[in-house]
Student: 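Input: one structure, supplied below.
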There are 2 protein chains.
Amino acid sequence: MLDAAVDAFAERGFGGTSTRDVAVRAGRSTAAVYVHYESKEALLYAISLEGHMDALDCLRCAYASSEEPAARVHGMVLAFSDWHMENAKLARVVQYELHALSEEHRADIVSRRRRFQRLMVGALRDGVRAGQFNVEDVNGTARALLSLCIDLVRWFDPARGGDPWAIAQLNADLALRMVGEV
Amino acid sequence: MLDAAVDAFAERGFGGTSTRDVAVRAGRSTAAVYVHYESKEALLYAISLEGHMDALDCLRCAYASSEEPAARVHGMVLAFSDWHMENAKLARVVQYELHALSEEHRADIVSRRRRFQRLMVGALRDGVRAGQFNVEDVNGTARALLSLCIDLVRWFDPARGGDPWAIAQLNADLALRMVGEV
DNA sequence: GTCTATATGTTGATAGAC
DNA sequence: GTCTATCAACATATAGAC
């Protein structure tokens, strides 16, 4: 059911998807949707929540798996880029359908999103403090590094080929240049 | 009429917008929409076409206004970033609503989009040939530079403040690092 | 070119049988 | 938990008067 909704929302957007679209993809009736979810918006929230938690786990894990600043930033951009390509449909919904959430749900998700930025800012500060990075605008640069990863969902299409790992490697290498690694 | 549609599509997405939404914003009846545009999709195509032409003009102009490779790439990222913030609503529709176009219209737009990539690839090759840039993957790096600019429309909100020019400058400075400027 | 009125299908969501 | 059947509201688009 969730998978069916992810596919549909990713393909046509939340507004362009009907509960019937979702039900048909899941091989169920429209009524069956409402047994599990209170509304179409609640379905989107469930997807968005799961996606944000999974992506944050991914980025936290990468942060924790190295103490050396350059290796850490490299690993974070590598993992976060890869996540967006390996979970292309989910990531698309996560990144582009926030506007359709209710006010309360959106506030919850927005506060979760700040953690991505904080984590990346932390990684940059570590490198600056250690004298290994040359970054003037830590917040802006962190934002740009996340942008590089997130924007992958706009154009990357698993069906059209392209090697996710090679793309993630390129992003990670560019990231080290962006932080002015010494 | 077009402005009203840009506002609506940017806020709620194409699928989440009704022709009534557009008509009300424009201070007209729904019937009036169909005097000027054959369908809701035709309205989206008109917006998308105008937006892509304007953005391409912007990037071409930046390309042409310098011969020196580093200044050229800096200027391109500066101008393209700025365009996405100064035309935030239009840019949002341009970048995120392609999926809602008819097959013919989408094909037309997609072929126009390739010109952005070609222009940036050209700028990078110039710098590599001149021995001023150190870029292994020209296509991938050009894609990343455009990503940095385009992803601004996902989060930049003119209403919430933030200095577009400072953000554009940061992106342009990061771009020079990304191309390994000597 | 604009409107009011309307045709025709689709929407999110519910009722009630099994 | 699943279905079929259905509701009221809304969708896109058109007809025809001014």
Side-chain angles (χ1 to χ4, degrees), chain A residues 1-51 89-90 92-94 96-109, chain B residues 1-51 89-90 92-94 96-109:
Chain A
M1 187 86 250
L2 269 183
D3 285 352
V6 168
D7 282 7
F9 292 164
E11 233 170 74
R12 311 155 166 266
F14 178 79
T17 300
S18 70
T19 51
R20 270 174 179 75
D21 289 338
V22 175
V24 167
R25 278 182 207 247
R28 299 250 133 64
S29 70
T30 57
V33 176
Y34 292 89
V35 173
H36 303 283
Y37 301 95
E38 207 185 12
S39 67
K40 189 179 141 186
E41 188 273 340
L43 185 50
L44 174 63
Y45 176 61
I47 292 169
S48 197
L49 192 57
E50 187 200 284
K89 287 179 178 179
L90 174 58
R92 221 184 161 85
V93 179
V94 162
Y96 293 156
E97 302 298 333
L98 298 187
H99 64 98
L101 291 168
S102 72
E103 213 149 321
E104 300 83 31
H105 288 161
R106 189 167 54 246
D108 172 46
I109 294 291
Chain B
M1 186 86 250
L2 268 182
D3 284 353
V6 168
D7 282 8
F9 292 164
E11 233 170 74
R12 310 154 167 269
F14 179 79
T17 301
S18 71
T19 50
R20 265 176 179 74
D21 289 338
V22 175
V24 168
R25 278 181 208 250
R28 300 249 133 63
S29 70
T30 58
V33 175
Y34 292 91
V35 173
H36 302 284
Y37 301 95
E38 208 185 13
S39 67
K40 189 178 138 185
E41 188 273 339
L43 185 49
L44 174 64
Y45 177 60
I47 291 169
S48 196
L49 192 58
E50 188 200 284
K89 287 177 179 180
L90 173 58
R92 221 184 160 82
V93 179
V94 161
Y96 293 155
E97 302 297 334
L98 298 187
H99 64 97
L101 290 168
S102 73
E103 214 149 320
E104 300 82 31
H105 288 161
R106 188 166 55 246
D108 172 47
I109 294 291

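A note on names: the letters A, B, ... follow the listed sequences, proteins ahead of strands, and every chain is numbered from 1.
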Student: For A:F14 and C:dT11, give me the distance from atom CZ to atom C1', rounded to whole Å.
Tutor: 12 Å

Student: Once the angle between the rings of A:Y96 and B:Y96 is folded into 0 to 90°, is it parallel (under 30°), tilted (30 to 60°) or perpendicular (over 60°)?
Tutor: tilted

Student: Considering only residues two or more places apart or on different chains, which pairs with a residue in residues 24-39 of chain B satisfy side chain to side chain donor-acceptor pair (under 3.5 Å)?
Tutor: B:E11-B:R25

Student: Between C1' on D:dA13 and NE2 on B:H36, what's the gap in Å once rounded to a whole number?
Tutor: 15 Å

Student: Would the distance check show the side chain of B:R12 and the main-chain N or O of B:T17 forming a donor-acceptor pair, the cut-off being under 3.5 Å?
Tutor: no

Student: Let me know the distance between CZ of A:R12 and P of C:dT10, rounded to the nearest Å.
Tutor: 13 Å

Student: Working to the nearest 0.5 Å, report the span between OG of A:S18 and NZ of A:K40.
Tutor: 7.0 Å

Student: Pick base, sugar-phosphate or nothing for B:S18, based on heavy-atom distances below 4.0 Å to the nucleic acid.
Tutor: sugar-phosphate

Student: Let me know, please, whether A:D21 or B:R28 comes out on the 5' side of the other along DNA chain C by nearest nucleotide.
Tutor: B:R28

Student: Once you round to the nearest 0.5 Å, how far does CD of B:E97 lie from CD of B:E41?
Tutor: 12.0 Å

Student: Nucleotides 13-15 of chain C: which of its N/O atoms have a protein N/O under 3.5 Å away?
Tutor:
unit_1, atom_1, unit_2, atom_2, d
C:dA13, OP2, A:Y34, OH, 2.8
C:dA13, OP2, A:K40, N, 2.9

Student: If the condition is salt bridge (Lys or Arg N to Asp or Glu O under 4.0 Å), which residues does B:D108 pass it with, not counting sequence neighbours?
Tutor: B:R112

